[in-house]
Amino acid sequence: MVYSKKYSKIILIIQRSFMSSKENISNGSCPVYKKCGGCQLQNLSYPEQLKFKQNKVERLLRKFCKVEPIIGMENPYHYRNKVQAAFYTDRRGKIISGVYQSGTHHVVGIDSCQTEDVIADKIIVAVRKLLPSFKMTTYNEDTGKGFLRHILVKRGFATNQIMLVLVTGTPVFPSKNNFVKEILKQFPEITTIVQNVNNYNTNLVLGDNQKVLYGKGYIEDILCGCRFRISPKSFYQINPVQTEVLYNTAMEYADLKGNETVLDTYCGIGTIGIVAAQRGAGRVIGVELNGDAVKDAIVNARANNLKNIRFYKGDAGEFMYEVSTEDEKPDVVFMDPPRAGSDTKFLDSLIKMSPKTVVYVSCNPETLARDLDYVTKNSDYKISKIRPVDMFPHTAHIECVCLIDRK
Ligand code: SAH
């Protein structure tokens with residue numbers, strides 16, 4: 001999201017009375033479709049969306065190998081386990097919560113969304129309604145004044161643990177205890193509440209300082225039979241149903257026989273490496289830039305009784321370079337970079353390291369195509385399999401798993 005001062009004063013308010021029933025929203029006729037911009041494909045039926053994505057992946061990647069059919073969702077609604085809302089107070093003092101209009105800082109008022117978890121949406125509306133009675137103001141990005149900036153709700157679909165993160169512009173939270181008591185009265189299923197202070201002029205939702213107001217300060221979820229701890233700032237896949245499909249594909253492609261040394265690069269909270277260790281990898285080493293995620297990964301390995309696994313904090317490219325200079329080489333490398341894809345430092349080291357199998361999990365087929373181009377032009381690796389998995393129904397985002405080997 002690009003911050004644009006020019007636009008920040010124009011706030012688009014979509015009256016709640018315009019919102020149609022949830023059934024209508026689920027039928028693809030969301031009233032804020034154009035203004036929100038989040039669901040770029042909702043003018044298409046779900047089968048058409050899948051076809052659109054399949055075609056796009058084929059266009060970009062078929063030069064490398066045949067693209068397998070995309071795996072879609074049985075029920076492609078309310079799949080997001082993480083929901084964020086921004087706040088704004090209009091001139092008449094009415095508080096609006098919702099999302100930023102795509103590419104701007106206009107707040108589009110939204111109470112429920114076809115992609116978001118239903119309980120998370122209800123919690124956000126309830127917090128908004130409580131603000132006036134607790135004299136809690138909303139943060140103003142122009143003046144840097146005000147209190148509540150964002151809300152973040154994460155829910156473990158398998159455990160039903162719920163985390164509420166209140167992102168505030170200032171650390172002082174006068175009515176803290178009563179507010180926590182009231183929201184817990186309305187939603188006893190919330191298992192932890194965290195205050196995160198973000199007083200920077202930034203696009204990032206979360207700041208550096210946080211304080212646990214209730215519960216443990218994290219939630220847990222279960223994926224592929226493994227238990228994972230998720231902190232407010234750690235990356236965790238937002239569609240747990242399809243994440244299992246994604247990880248199962250990654251494991252199928254890796255074809256672990258046991259005793260392999262496996263690298264899990266861009267590992268987040270260690271999910272792929274932990275699933276690999278559970279499925280027989282001899283030894284797993286993970287690397288991740290985000291320190292909070294690395295801490296979670298270490299705890300997660302222990303919680304799943306895995307001893308053959310180590311996690312390191314650092315840049316994946318730097319780490320790969322270091323490993324490529326060592327004698328002991330990994331057999332399998334999983335890579336799951338952010339949308340920007342990988343970099344030449346990483347890919348050059350990967351080629352030098354020469355593992356038997358590389359499994360590339362990508363959330364952006366454009367950068368995947370670029371990276372595959374680089375690898376195939378600079379080594380004798382071939383692309384053997386590509387399978388798209390629909391992690392983000394109704395949006396234009398596409399996830400793919402790709403097998404790189406020498407067969
Ligand atoms: N494999 C994980 C996370 C994938 S998201 C999962 O499936 O959940 C990509 C991850 O890469 C994020 O956790 C992000 O913090 C991390 N990351 C981004 N740039 C990085 C870099 N240069 N080096 C290492 N990790 C990086």
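Indexing begins at 1, ligand by ligand and atom by atom, following the structure's order. For clarity, every value in this text was computed on a predicted model and none was experimentally measured.
Remark: side-chain polar atoms of Glu116 are not paired, donor with acceptor, to backbone N or O of Arg80 under 3.5 angstrom. Put simply, the side chain of Asn160 never gets that close to the backbone of Glu189: no donor and acceptor are under 3.5 Å apart. In this structure a side-chain-to-backbone donor-acceptor pair under 3.5 Å is missing from Thr89 to Ile95.
Checking Tyr374, Tyr360, Phe319, Tyr266 one by one against Phe346, the ring pair (Phe, Tyr, Trp, His ring centres under 6.0 Å) holds for a single residue, Tyr266.
Ring centroid separation for the pair Phe157 and Tyr79 does not come in under the 6.0 Å cut-off.
For atom 18 (C) of ligand 1, the closest non-hydrogen atom of the protein is Pro338 CG, 3.5 Å. Regarding atom 17 (N) of ligand 1, its nearest protein heavy-atom neighbour is Tyr266 CD2, 3.9 Å. Asp336 OD2, 3.2 Å is the protein heavy atom nearest to atom 4 (C) of ligand 1.
Only backbone heavy atoms of Cys267 (N, CA, C or O) come within less than 4.0 Å of ligand 1; its side chain stays farther off. Heavy atoms of Phe235 found under 4.0 angstrom from ligand 1 belong exclusively to the side chain.
Below 30°, between 30° and 60°, or above 60°: for Phe228 and Tyr236 the angle between ring planes is between 30° and 60°, a tilted geometry. Ring orientation note: the planes of Tyr46 and His394 are tilted relative to one another, at an angle of 30° to 60°. Note: His105 and Tyr100 have parallel aromatic rings, judged against thresholds of 30 and 60 degrees for the angle between ring planes.
Short contacts between ligand 1 and Thr271, defined as distances under 4.0 Å to a heavy atom of the residue, involve ligand atoms 6 (C), 7 (O), 8 (O). Counting atoms of ligand 1 from 1 in the listed order, those under 4.0 Å from a heavy atom of Asp315 are 21 (C), 22 (N), 23 (N). Near Gln237, meaning under 4.0 Å from any of its heavy atoms, are these atoms of ligand 1: 6 (C), 7 (O), 8 (O). Less than 4.0 angstrom separates some heavy atom of Gly314 from each of these atoms of ligand 1: 23 (N), 24 (C).
The shortest N/O to N/O separation between Leu289 and ligand 1 falls below 3.5 Å. Considering backbone and side-chain N/O atoms, Asp264 never comes within less than 3.5 Å of an N/O atom of ligand 1. Considering both main-chain and side-chain atoms, Tyr247 comes within under 3.5 Å of ligand 1 through a nitrogen or oxygen pair. Polar contact check, Glu288 against ligand 1: a nitrogen or oxygen pair lies under 3.5 Å apart.
Within the 4.0 Å heavy-atom cutoff, Val287 does not count among the residues contacting ligand 1. Contact between Ser234 and ligand 1 is absent, with no heavy atom of the residue lying under 4.0 Å from the ligand. Using a 4.0 Å heavy-atom cutoff, Ala293 is absent from the residues neighbouring ligand 1.
Atom 23 (N) of ligand 1 has its nearest heavy-atom neighbour, among Ser342, Ala316, Gly317, in Ala316.
Taking a cutoff of 4.0 Å between a charged side-chain nitrogen and a carboxylate oxygen, Lys356 and Glu260 do not qualify as a salt bridge. Using a 4.0 Å cut-off between charged side-chain N and carboxylate O, Glu48 and Lys51 make no salt bridge.
Rounded to the nearest 0.5 Å, atoms CG (Leu306) and CZ (Arg283) are 14.5 Å apart.
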